[in-house]
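Inspection log for the structure reproduced underneath, given as C-alpha cells.
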Amino acid sequence: MTFLAATRFLQREARLLERRLHATLFLGESPDGVVNALRAYRNADGGFGHGLEPDKRCPASLPIDAEVAFQALADAGADAPELLGPACDFLAGVAGENGVVPLAFPVIEEYPRAGHWTGWTYQPGVNPTAGLAGLLHRLGFDHPWRAAATRFCWDAVESGNLPDEVHGLSEVMSFLAHVPDRERAAGHAPRVLERMTATSMFHSMPKPGEYGLTPLHVAPAADSPWRGLFDDAQITAHLDHLEAAQLPDGGWPVTWEPPSEASRLEWRGMVTLQALRTLTSYGRMDPRG
C-alpha cells in the first residue's frame with residue numbers, strides 16, 4: 001500500500017477537518033483551513049462540541065472536544081487566539097478550584113455514545129487536564145487556566161498521585177513533552193512511563209487486533225522527546241505492524257466499537273492521518289508515492 005492510497009481514502013471518507021489537516025501537513029496549504037473547519041464545532045460558551053471527538057455525538061461543549069481542537073491547531077501550526085481564548089475561558093468555568101477538569105459531563109447520556117463513555121468520564125483528573133495543559137504549552141498560548149492546570153499537573157507528577165490507567169498516564173507524558181521546564185520534565189518522564197508500561201493496556205510489543213496504547217502513542221514522530229525511552233526493537237516492531245495494518249481501501253482500522261458508522265469513518269480518518277504522519281516521520285512511507 002502507499003501514501004497515495006491513504007490520501008485517496010481521506011479524500012473519500014474523512015471529515016473536512018482531517019482533509020484540511022492533511023492539506024496543511026503534506027501539501028503546504030495554510031493552517032487557516034484547519035481553523036475554519038474547527039469553527040463549525042464551537043459553541044456560544046467558547047467550548048467545542050458536536051462530536052469533535054467522535055465517540056459521543058453530544059453537541060454540548062466538553063473538555064475532551066477542546067483537547068481534540070487544541071491538538072488539531074497544534075498539529076497545523078495554527079495561530080488562533082480567537083479560538084483558544086474562549087475555549088480556555090470555558091475550561092476555567094467548568095474546572096475545580098485547582099484547575100482540574102473531567103473528560104465529559106452527564107449530558108452525553110442524552111445522545112448516542114460508545115459504551116465506554118460512562119460515569120468514569122465525569123471524574124476530574126489528569127485525563128484530560130494534563131493533555132490540555134500540555135497542548136496549550138505547545139501552542140504557546142498563555143491563560144490563567146493553563147497556569148492553574150499546570151500547577152495541578154506538576155503536583156500530581158511530583159507527589160506520585162497518578163492513576164494506574166494507560167490513557168491518564170499518556171496524558172501526563174504529553175504534558176511532560178511540552179512544558180517549558182525540560183530538565184524537570186525529563187527527570188520525571190521515565191518514572192511515569194514505567195508506570196504506564198506496567199498497565200495491561202500498554203502494548204510494549206504489537207498485539208494485532210487488540211486495543212491498547214503503544215510506544216508510537218508516546219513517541220509518534222522520530223523527533224519526539226520520548227523516542228529515546230524505547231529501544232529500537234520496540235519501535236521497529238510497532239512500525240512494521242502499523243505498516244501492515246493498512247487496509248485495501250487505503251485507510252487504517254479502529255480496534256474499538258464506535259457508536260455509529262459515521263463515527264467509525266470519522267475515527268478511521270483520524271487514525272489514518274496519524275498513521276501517515278508517524279510512518280513518514282520514521283521514514284517508512286514516502287509522501288510522494
Side-chain angles (χ1 to χ4, degrees), residues 47-48 53 61-71 74 84 87-106 116-204 212-215 217-220 224-230:
F48 292 86
E53 192 278 1
S61 295
L62 302 171
I64 182 60
D65 292 317
E67 185 174 20
V68 174
F70 292 178
Q71 183 73 59
L84 293 169
C88 287
D89 291 343
F90 161 75
L91 292 169
V94 300
E97 291 184 4
N98 56 359
V100 64
V101 295
L103 286 159
F105 308 107
H116 59 275
W117 280 86
T118 57
W120 72 272
T121 65
Y122 314 148
Q123 303 303 313
V126 294
N127 186 10
T129 308
L132 285 159
L135 286 165
L136 288 171
H137 283 290
R138 180 181 168 191
L139 285 158
F141 187 80
D142 197 10
H143 188 277
W145 180 81
R146 189 189 78 170
T150 298
R151 287 192 296 270
F152 164 79
C153 293
W154 276 126
D155 287 346
V157 168
E158 295 184 331
S159 69
N161 186 25
L162 297 172
D164 291 317
E165 192 277 319
V166 71
H167 297 93
L169 294 167
S170 177
E171 294 277 291
V172 175
M173 291 299 290
S174 178
F175 169 78
L176 293 174
H178 300 299
V179 286
D181 192 337
R182 302 313 306 146
E183 183 177 357
R184 188 180 183 190
H188 287 286
R191 177 174 57 83
V192 177
L193 180 64
E194 181 179 10
R195 192 162 178 168
M196 186 179 177
T197 57
T199 67
S200 61
M201 290 182 68
F202 188 87
H203 300 170
S204 294
L213 302 191
T214 78
H217 290 93
V218 181
S224 295
W226 310 137
R227 166 61 184 91
L229 298 179
F230 301 99

statement: Heavy-atom closest pair (Gly168 atom, Pro163 atom, distance to 0.1 Å) is CA-CG, 4.2 Å
message: Can you tell me how far apart CG (Leu162) and CE (Met196) are? Round to the nearest 0.5 Å.
response: 12.0 Å
- prompt: At their closest point, which heavy atom of Leu139 faces which heavy atom of Phe70, and how far apart are they?
  reply: CD1-O, 3.9 Å
- prompt: Within the distance-only criterion (no hydrogens, no angle test), does the side chain of Trp226 pair as donor or acceptor with the backbone N or O of Met173 below 3.5 angstrom?
  reply: yes
message: Checking Glu53 against Glu67 for the side-chain contact (heavy atoms from CB on, under 4.5 Å) test, could you report, in this order, the C-alpha distance in whole Å, the side-chain angles of both residues, the deciding distance, and whether it holds?
response: CA-CA 9 Å; Glu53 192 278 1; Glu67 185 174 20; over 6 Å; no
message: Is it the case that the side chain of Thr129 and the backbone of Val101 share a donor-acceptor pair, with hydrogens and angles ignored and the cut-off at 3.5 Å?
response: yes
task: Starting at CZ of Phe48, measure out to CG of Leu62 and round the result to the nearest 0.5 Å.
output: 12.5 Å
- prompt: Say you draw a straight line from OG1 of Thr199 to CG of Leu213; how long is it, rounded to the nearest 0.5 Å?
  reply: 7.5 Å
query: Could you state the interatomic distance from CG (Asp142) to OG1 (Thr150), rounded to the nearest 0.5 Å?
result: 8.5 Å
- prompt: Rounded to the nearest 0.5 Å, how far apart are CG of Leu193 and OG of Ser170?
  reply: 10.0 Å
Beyond-backbone contact of Val179 with Arg184, side-chain heavy atoms, under 4.5 angstrom: no
message: For a quick test of reading the model, state the closest non-hydrogen atom pair linking Ala130 to Cys153 and the distance between them.
response: CA-SG, 3.4 Å
message: I need the minimum non-hydrogen distance between Ala148 and Gly99, along with the two atoms involved.
response: CB-CA, 4.1 Å
field: Test item: Arg191 side-chain N/O and Gly160 main-chain N/O as donor-acceptor pair under 3.5 Å
entry: no
message: So that I know where these two stand, are Trp154 and Phe175 an aromatic pair - ring centroids less than 6.0 Å apart?
response: yes
query: Any side-chain heavy-atom pair from Leu169 and Phe202 closer than 4.5 angstrom?
result: no
Minimum heavy-atom distance Asn127-Leu103, with the two atoms named: OD1-CD2, 3.5 Å
message: Quick one: does any side-chain atom of Trp145 pair with a main-chain N or O of Asp89 as donor and acceptor, under 3.5 Å?
response: no
message: Using modelled atom types and a 3.5 Å cut-off, is there a donor and acceptor pairing between side-chain atoms of Asn161 and backbone atoms of Ala156?
response: no
task: Mind listing the closest non-hydrogen atom pair of Pro63 and Phe90 along with its distance?
output: N-CE2, 4.2 Å
field: Whether Arg182 side chain and Leu176 backbone form a donor-acceptor pair below 3.5 Å
entry: yes
- prompt: Would you say His217's side chain and Thr214's backbone share a donor-acceptor pair under 3.5 angstrom?
  reply: yes
- prompt: Do other residues, nucleotides or ligands put more than 12 heavy atoms under 6.0 Å from the CD atom of Glu194?
  reply: no
CG on Leu229 to OG1 on Thr197, rounded to 0.5 Å: 10.0 Å
message: So does Gln71 get a backbone contact from the side chain of Arg138, meaning a donor-acceptor N/O pair under 3.5 Å?
response: no
